Amino acid sequence: MAGPRMTLPTQLVLHAFLPEPAQERYGLEICAAAGLPSGTIHPILARLERAGWLRSRWEETDPAEAGRPRRRYYRLDPDGIEAAREALLRAEKSAPAAKRLRPGLSGGTR
């Protein structure tokens, strides 16, 4: 499975999914968990989906009834879970110590 570039924002998005990898999340949830704006995460989500790591679906709701636009839900594909874990390990091993992602710290994930 071809993988996307492991930029720091991509790593943050993947870390947002990994605590509960089978759970669906929508854009604003991912933004909050990754600490990134939607304009940053949506291109990353599209790349991860093209790579086969994510699947997405539009919720089936009437926006007028819900009082908000429909949400697009994302979840890691079963093969994408393993690919994400491996890619994050490789990224951490190859990053200089000062630039390593540290989940739980400011700018990181929970």
Side-chain angles (χ1 to χ4, degrees):
M1 180 178 304
R5 274 188 18 235
M6 277 297 112
T7 62
L8 182 58
T10 300
Q11 292 174 53
L12 291 169
V13 168
L14 290 172
H15 275 290
F17 281 97
L18 287 175
E20 296 177 69
Q23 180 179 332
E24 288 186 318
R25 290 174 174 74
Y26 62 94
L28 289 177
E29 287 177 314
I30 300 164
C31 289
L36 297 168
S38 64
T40 299
I41 67 142
H42 283 96
I44 293 168
L45 294 170
R47 282 194 299 276
L48 292 171
E49 190 168 17
R50 281 193 306 272
W53 292 20
L54 287 182
R55 294 183 186 219
S56 68
R57 69 171 182 86
W58 285 100
E59 76 177 334
E60 295 179 19
T61 189
D62 178 1
E65 279 184 28
R68 58 169 173 73
R70 289 188 315 153
R71 292 178 177 157
R72 187 168 184 174
Y73 284 93
Y74 300 87
R75 69 175 173 77
L76 283 170
D77 181 87
D79 291 335
I81 295 168
E82 188 59 32
R85 287 181 176 143
E86 290 173 9
L88 289 170
L89 283 173
R90 281 192 308 273
E92 182 165 322
K93 286 180 183 178
S94 69
K99 292 190 176 190
R100 286 198 182 125
L101 177 63
R102 293 186 184 99
L105 299 179
S106 179
T109 61
R110 298 179 214 189

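All heavy atoms count here, side chains included; hydrogens, waters and symmetry mates do not. Values in this document were obtained by computation on a predicted structure and should not be read as measured data.
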- Task: Apply the side chain to side chain contact (heavy atoms under 4.5 Å, CB included) test between L14 and each candidate in L48, I44, I81; give the one that qualifies.
- Result: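 The residue from L48, I44, I81 that satisfies side chain to side chain contact (heavy atoms under 4.5 Å, CB included) with L14 turns out to be L48.
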Do the non-hydrogen side-chain atoms of [X] and [Y] ever get within less than 4.5 Å of each other?
| X | Y | result |
| --- | --- | --- |
| H15 | L88 | yes |
| R72 | L45 | no |
| M6 | S94 | no |
| D77 | L54 | no |

Mind listing the closest non-hydrogen atom pair of [X] and [Y] along with its distance?
| X | Y | answer |
| --- | --- | --- |
| S56 | E49 | OG-OE2, 2.7 Å |
| R47 | T10 | NH2-OG1, 4.3 Å |
| S38 | P43 | O-CD, 4.3 Å |
| C31 | P37 | SG-C, 3.9 Å |
| W53 | A84 | CZ3-CA, 3.7 Å |
| A16 | A33 | CB-CB, 3.6 Å |

Let me confirm one number: the [atom1]-[atom2] distance from [X] to [Y], rounded to the nearest 0.5 Å.
| X | Y | atom1 | atom2 | answer |
| --- | --- | --- | --- | --- |
| F17 | R85 | CZ | CZ | 13.5 Å |
| Y73 | E29 | OH | CD | 6.5 Å |
| T61 | R68 | OG1 | CZ | 6.0 Å |

- Item | Listed once per pair and sorted, the salt bridge (charged side-chain N to carboxylate O under 4.0 Å, His left out) pairs that draw on residues 12-27, sequence neighbours left out |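 Non-adjacent pairs meeting salt bridge (charged side-chain N to carboxylate O under 4.0 Å, His left out): E24-R57.
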- Query: Okay, side chain of E92, backbone of L89: is any donor-acceptor separation there less than 3.5 Å?
  - Reply: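 Pair absent, no side-chain N/O of E92 close to backbone of L89.
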- Same apolar cluster (I L V M F W Y, side chains within < 4.5 Å links), L18/L12: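 Same cluster.
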